[in-house]
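All values below come from the heavy atoms of this structure, side chains included, with hydrogens, waters and symmetry mates left out. Residues: numbered from 1 along the sequence shown.
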Amino acid sequence: MSENATVDVLICGAGATGLTLAIELARRNVSFRLIDKLEASFRGSRGKGIQPRTQEVFEDLGILDRAVAAGGLYPSARDYHSDGTSVITELTESTEPTPAEPYRMALMVPQFLTERVLRERLAELGHTVLFGRELVGFEQDLDGVTATLVGPNGQEELRGRYLVGADGGRSAVRGALGVAFPGQTLGVRAMVADVELTGLDRNAWHRFNGSDRENQLSICPLAGTTLFQVQAPIPNEGEADLSADGIGRLITERTGRSDVLVSSVSWASAYSMNARLADRYRVEKIFIAGDAAHVHPPTGGQGLNTSIQDAYNLGWKLAAVLGGASEALLNSYEQERRPVAADMLGLATRLLGEAQSGSVRRGRESYQLDIGYVGSSLTLEAPVRAAGLAAGARAPDAPLLGAGEQPTRLFEKLSGVHWTLIGYEAAWQDAPAPHAGVHVHRIGSGGDLKDMGGYFAQAYDVAAGSWILVRPDGYIAAIVEQSEIDTLFGFARQFGLMLERRT
C-alpha cells in the first residue's frame with residue numbers, strides 16, 4: 001500500500017455534484033482530490049434540465065455562456081392522438097426576464113455535456129478528475145479521515161481533513177456511515193435511452209399515449225447533439241431490451257408507426273423510480289451531497305439542480321472553516337439543504353402523478369428561484385423586518401450604473417468567492433474598514449454605484465443607511481440599519497469576517 005499526502009477535502013464521485021464542489025474549492029485554493037470509480041466520464045443525458053437558479057450559479061462559476069452554447073431551450077411538446085391528429089403545447093409558462101430575475105426559462109443541456117463543461121472549467125483552475133479510483137474504506141477521527149483507495153497502481157491510502165460522498169443514489173459513503181435512506185419506491189419502472197433515429201423532426205418533444213400510464217412514450221430531441229432521448233414506462237418484471245432493435249420495436253408498438261427507425265443507442269438504462277431522503281447529511285468529518293443524499297423521480301428536472309446547489313452551499317463553508325471560521329458553520333449545510341431536498345422530492349413526486357395523467361406543463365415552482373434559507377442560523381435582521389425581502393432569501397439582481405455611467409449588474413459585483421456588503425444611501429465614513437474576503441459597495445448618492453431605474457430599492461426594500469451582507473453563494477446573510485452595524489460585525493465573526501469601524 002502506498003501513502004499519499006494529506007489533502008483538505010477528498011471528494012468521492014465526479015458527476016455534476018462532485019465537479020461543482022471541486023470548482024468551488026479550486027476557486028478558493030483549497031487542496032482536494034476528486035475521484036470516481038468509473039474508468040471514464042458518464043455519457044448519458046439523464047438530468048438534462050438546467051433551471052433558472054442553477055443558471056445563476058453557473059454564471060457565478062463562469063460557465064453559463066458555455067452551458068447555453070452546449071445545449072438550448074426546450075422545444076414545444078407535440079401530443080399525438082389516436083385519430084392521427086396532434087396538438088402543440090408549451091412545456092413551460094412563458095415568462096420574460098426581469099431586472100431581479102435575469103433567467104426565467106429552463107435550459108436543456110444533456111447531463112454528459114453539463115459535466116463536460118464543468119470538467120473544462122475545473123481544468124482551467126488547474127485540476128482534473130482521477131477516474132478509475134474506488135473508495136473501498138475509510139476511518140475518521142477528531143482530525144480527519146483516512147481513506148483507502150484502489151486504482152491503476154493498486155491500493156493507496158489518502159488522508160483528508162474532510163470527506164464528501166457525491167457518489168450517487170447507491171452511495172458507498174452513505175452506506176458505510178450507516179445513514180438511513182428512507183422513502184419509497186414509486187411503483188414506476190422506466191427506460192431512458194439516447195438514440196440516433198429517423199422519422200421524427202427535431203422541432204418538438206414528441207409524446208404518444210399521454211393519458212395511458214402503461215403505454216406512454218416520449219421522444220425528445222437532445223439539444224446540442226444529433227440524438228433523441230427516448231423515455232417510456234416498462235413492466236416492473238422482466239428484462240428490458242435496450243438494444244436498437246428492442247427500442248425500435250417498443251416505438252413501433254406504442255406509436256403504430258413503422259417510419260420511426262432507431263439506428264444506434266449511445267446510452268440506455270432501465271430503472272425504478274424512487275423518492276428518498278437521507279436522515280443525515282453529516283457525520284463528523286464526512287458529508288454526503290447530491291443523489292447520495294436524495295433521489296428524485298425525473299419529473300420537473302429537480303434532481304440535478306438540487307444536487308448542484310448542495311455543492312454550491314457546502315463548498316464555501318468548507319473553505320471558510322479550513323480558513324479559520326468556526327467548525328459549527330458546517331452544521332448549517334444539513335440545516336439549510338435537507339429541507340430544500342424534502343420540498344423538491346414532494347414537487348417531483350406530485351409532477352410524476354401529473355405526468356402519468358398526460359400533463360407535463362411546468363411553472364415557476366420548478367425554477368428554484370424561490371428557494372431560500374429564511375430561518376437559518378446564518379441570518380440576521382436588526383431590527384427584525386415585518387415585510388419585504390428577508391435575510392436568508394436569494395439576493396435579487398438589479399441593474400446599476402458604475403464608473404463613467406457605464407451599466408453593470410449587481411450579480412457582477414456578487415460574482416466570485418468573496419462576501420459582499422452593500423450600503424444603501426450610506427455615507428463613506430459609515431462603511432466598515434476594508435477587510436480581506438469582503439467587497440464593500442455603496443449604492444446611491446456619493447456611492448460607487450447608482451441604482452438604475454430604482455430597481456435595487458424596489459427589490460431590496462431597505463431604508464437609507466441600511467446594510468445588506470450577501471453570502472458567497474448569493475443568499476442574504478444579514479440586513480441591518482446603520483444603528484445596528486456593531487451587531488452585524490459580531491454576527492460576521494462566525495464566518496471568519498473580522499469587520500470593524502473605520503478609525
Side-chain angles (χ1 to χ4, degrees), residues 1-26 28-44 111-112 115-116 118-120 122-123 125-181 267 269 278-293 295 307 310-311 314-315 318-319 321-322 327 330 333:
M1 178 186 293
S2 62
E3 290 191 8
N4 275 307
T6 297
V7 295
D8 288 322
V9 183
L10 171 61
I11 308 169
C12 180
T17 309
L19 287 164
T20 301
L21 180 58
I23 290 169
E24 282 292 86
L25 297 179
R28 293 167 169 82
N29 297 313
V30 173
S31 66
F32 65 90
R33 183 81 61 86
L34 174 59
I35 66 168
D36 199 295
K37 69 179 182 180
L38 296 179
E39 295 297 327
S41 58
F42 175 70
R43 59 189 182 90
Q111 186 169 335
F112 67 91
E115 292 181 4
R116 185 185 73 187
L118 288 165
R119 284 194 303 276
E120 289 174 352
L122 185 63
L125 295 168
H127 297 272
T128 190
V129 179
L130 295 178
F131 286 106
R133 271 76 168 183
E134 182 176 4
L135 177 69
V136 295
F138 57 81
E139 294 181 357
Q140 65 172 316
D141 52 45
L142 293 177
D143 298 318
V145 183
T146 300
T148 303
L149 314 178
V150 173
N153 299 320
Q155 189 166 293
E156 63 175 314
E157 195 172 87
L158 178 67
R159 180 74 176 167
R161 292 184 62 183
Y162 297 98
L163 166 65
V164 179
D167 51 342
R170 298 178 179 178
S171 171
V173 174
R174 186 191 66 240
L177 287 172
V179 172
F181 202 38
W267 169 81
S269 175
D279 277 350
R280 302 177 65 184
Y281 278 24
R282 179 189 186 187
V283 179
E284 304 300 336
K285 301 289 185 178
I286 303 175
F287 301 83
I288 55 174
D291 285 354
V295 293
S307 297
D310 285 348
L314 179 59
L318 283 169
V321 171
L322 289 163
E327 175 90 12
L330 295 174
Y333 166 61

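With values rounded to the nearest 0.5 angstrom, L38 atom CG is found 13.0 Å from R133 atom CZ. Summarising the geometry, atom CZ belonging to F32 is positioned 8.5 Å from atom CD1 belonging to I23; distances are rounded to the nearest 0.5 Å. To the nearest 0.5 Å, the span separating CG on D291 from CZ on R170 amounts to 12.0 Å. Put simply, CZ on F138 and OG1 on T148 are 10.5 Å apart, with the number rounded to the nearest 0.5 Å. For the atom pair CG of L130 and CG of L34, the computed distance is 7.5 Å after rounding to the nearest 0.5 Å. The structure places CZ of R282 at 9.5 Å from CG of L314, a figure rounded to the nearest 0.5 Å.
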message: Please determine whether side chain to side chain contact (heavy atoms under 4.5 Å, CB included) holds for the pair L177 and Q140, giving the CA-CA distance in whole Å, both sets of side-chain angles, and the decisive distance to 0.1 Å.
response: CA-CA 10 Å; L177 287 172; Q140 65 172 316; 4.2 Å; yes
field: side chain to side chain contact (heavy atoms under 4.5 Å, CB included) between L25 and L21, intermediate numbers included
entry: CA-CA 6 Å; L25 297 179; L21 180 58; 4.2 Å; yes
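By the 30° and 60° cut-offs, the orientation of the rings of Y281 relative to Y333 is tilted.
Every residue meeting the salt bridge (Lys or Arg N to Asp or Glu O under 4.0 Å) condition with D141, not counting sequence neighbours, appears here in chain and number order: R159. By the salt bridge (Lys or Arg N to Asp or Glu O under 4.0 Å) test, R28 pairs with E24, sequence neighbours left out. Every residue was checked against the side-chain contact (heavy atoms from CB on, under 4.5 Å) condition with A123, not counting sequence neighbours, and none meets it. Taking E115 as the reference, nothing meets the salt bridge (Lys or Arg N to Asp or Glu O under 4.0 Å) condition, with sequence neighbours excluded.
When all heavy atoms of V179 and A278 are compared, the closest pair comes out as CG1-CB, 4.0 Å. Taking every heavy atom of both residues into account, G132 and P152 meet most closely at O-CD, 3.6 Å. The two residues G290 and D310 come nearest to each other via the heavy atoms N-OD2, 3.0 Å. Looking at every heavy atom in both residues, R280 comes nearest to I288 through O-CD1, 3.3 Å. Of all non-hydrogen atoms in F42 and F112, the two that sit nearest each other are O-CB, 3.5 Å.
Side-chain contact between L122 and T128 is absent, with no heavy atoms from C-beta onward closer than 4.5 Å. A heavy-atom distance below 4.5 Å is not found between the side chains of F131 and E39. Residues V295 and F181 form a side-chain contact, since some pair of their non-hydrogen atoms from C-beta on lies under 4.5 Å apart.
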Under 3.5 Å, side-chain donor or acceptor atoms of residues 162-169 against the rest of the protein: list the pairs with distances, not counting sequence neighbours.
{"from": "Y162", "atom 1": "OH", "to": "E327", "atom 2": "OE1", "distance (Å)": "2.8"}
{"from": "Y162", "atom 1": "OH", "to": "E327", "atom 2": "OE2", "distance (Å)": "3.3"}
{"from": "D167", "atom 1": "OD1", "to": "S171", "atom 2": "OG", "distance (Å)": "2.6"}
{"from": "D167", "atom 1": "OD2", "to": "S171", "atom 2": "OG", "distance (Å)": "3.3"}
{"from": "D167", "atom 1": "OD2", "to": "A172", "atom 2": "N", "distance (Å)": "2.9"}
{"from": "D167", "atom 1": "OD2", "to": "V173", "atom 2": "N", "distance (Å)": "3.1"}

Only pairs under 3.5 Å count here: list side-chain donor-acceptor contacts from residues 8-15, not counting sequence neighbours, and write none if there are none.
{"from": "D8", "atom 1": "OD2", "to": "S31", "atom 2": "N", "distance (Å)": "3.4"}
{"from": "D8", "atom 1": "OD2", "to": "S31", "atom 2": "OG", "distance (Å)": "3.1"}

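Panel note: side chain R174, backbone A292; a donor-acceptor pair is recorded below 3.5 Å.
For CD of E284, the number of neighbouring non-hydrogen atoms (other residues, nucleotides, ligands) closer than 6.0 Å is 12 at most.
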